[in-house]
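Notes to accompany the following structure.
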Amino acid sequence: MTAIQSLGRLSAKRVLVTGGANGLGLAIAERFSAEGARVAICDVNAPALEVMRARHPQWLCIQADVASEASVAAMFTQLGSAFGGLDILINNAGISGPTSPIEDIDLATWQAVFNVNVQGSFLCTRLAVPMLKVQGGSIIIMSSAAGRFGYSLRTPYSSAKWALVGLAKSLASELGPHSIRVNAILPGMVNGERLDGVVRTRAEQAGRTYEEQMALQVQSASLRVNIEATDIANTALFLASDDGRHITGAAMPVDAGLETIAWR
């Protein structure tokens with residue numbers, strides 16, 4: 001792998017990455033840290049946070065449940081004491097939800113997906129905005145390719161990700177006069193544990209091997225490849241830095257040209 005060149009594009013910027021102890025959140029936090037940002041991450045996974053504290057002792061690592069109003073409030077109190085403010089918020093925390101027909105999804109499962117993905121972004125944004133209004137800043141909301149396509153058998157997840165695009169576009173209009181930019185990133189099929197789990201579940205349902213199912217899914221992208229977490233991190237860096245200073249209200253796909261995400 002080619003070494004990442006740091007240009008100090010986020011020097012002294014204060015960033016909070018939710019769901020930052022693994023996956024896309026971790027890739028973003030590490031990329032921002034390499035560019036000079038002061039990084040805070042939160043996660044519900046206490047063991048994963050302990051690993052991050054050891055790996056990145058300069059980071060502020062907070063255990064928090066973004067779906068809980070009290071937990072988010074406590075996190076922002078700690079963040080304010082440690083950082084004195086905020087310049088960038090990455091609303092990344094989310095859960096995948098079930099791969100099931102709509103008639104097999106109970107209300108609690110549906111609500112759980114919205115509580116983490118949508119309510120979590122709302123709760124964090126609501127408390128971040130007064131900090132960001134001090135001198136402007138950037139909010140990035142992690143949607144999904146499922147936020148621009150219909151997604152059979154994944155209705156809670158897809159519905160939540162569509163809602164996040166609406167949240168980003170509405171906030172961009174509302175917060176633009178305060179020099180706060182708001183954008184959504186729509187990742188496609190990102191190599192990693194989450195994608196593996198979804199593909200394995202669908203393979204079992206369709207009577208295929210994991211390899212057969214993954215090969216079918218890759219054919220859905222114009223470039224015939226999956227993407228990497230670093231692709232998302234680099235896009236987030238562009239949007240959060242001065243390189244993207246005039247971009248707001250965007251719903252930016254990073255998906256190798258997905259043409260559909262319909263399960264086959």
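Since the structure is predicted, the reported quantities are computational estimates derived from the model, not experimental observations. Start at 1 with the first residue, then count along the sequence.
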Q: Using the salt bridge (charged side-chain N to carboxylate O under 4.0 Å, His left out) rule, collect all pairs that involve residues 130-140, keeping only residues at least two apart or in two chains.
A: none
Should [X] and [Y] count as an ion pair when the cut-off is N to O under 4.0 Å?
| X | Y | result |
| --- | --- | --- |
| Lys169 | Glu174 | no |
| Arg9 | Asp242 | no |
| Glu50 | Arg55 | no |

Q) Honestly curious: do Val17 and Ile141 fall in one hydrophobic cluster under the side-chain, below-4.5 Å linking rule? A) no
(Q) Using a 6.0 Å cut-off, check whether atom CD of Gln58 has over 12 heavy atoms from anything other than its own residue. (A) yes
Q: Can you establish whether the number of heavy atoms outside Gln205 located under 6.0 Å from its atom CD is more than 12?
A: yes
Q. Between Asn117 (side chain) and Val113 (backbone), is there a donor-acceptor pair under 3.5 Å?
A. yes
Q | Remaining members of hydrophobic cluster (4.5 Å side-chain criterion), Val165 | A | Leu186
Would you say the side-chain atoms of [X] and [Y] include a donor-acceptor pair closer than 3.5 Å?
| X | Y | answer |
| --- | --- | --- |
| Glu35 | Ser241 | no |
| Asp43 | Gln63 | no |
| Asn183 | Thr248 | no |

Q | side chain to side chain contact (heavy atoms under 4.5 Å, CB included) partners for Ala233, two or more places apart | A | Ala27, Ile28, Arg31
**Q.** Minimum-distance pair of heavy atoms, taken over all atoms of Met75 and Ala64
**A.** SD-CB, 3.9 Å
**Q.** Cationic tip of Arg14 above Phe83 ring, under 6.0 Å, 45° of axis
**A.** no
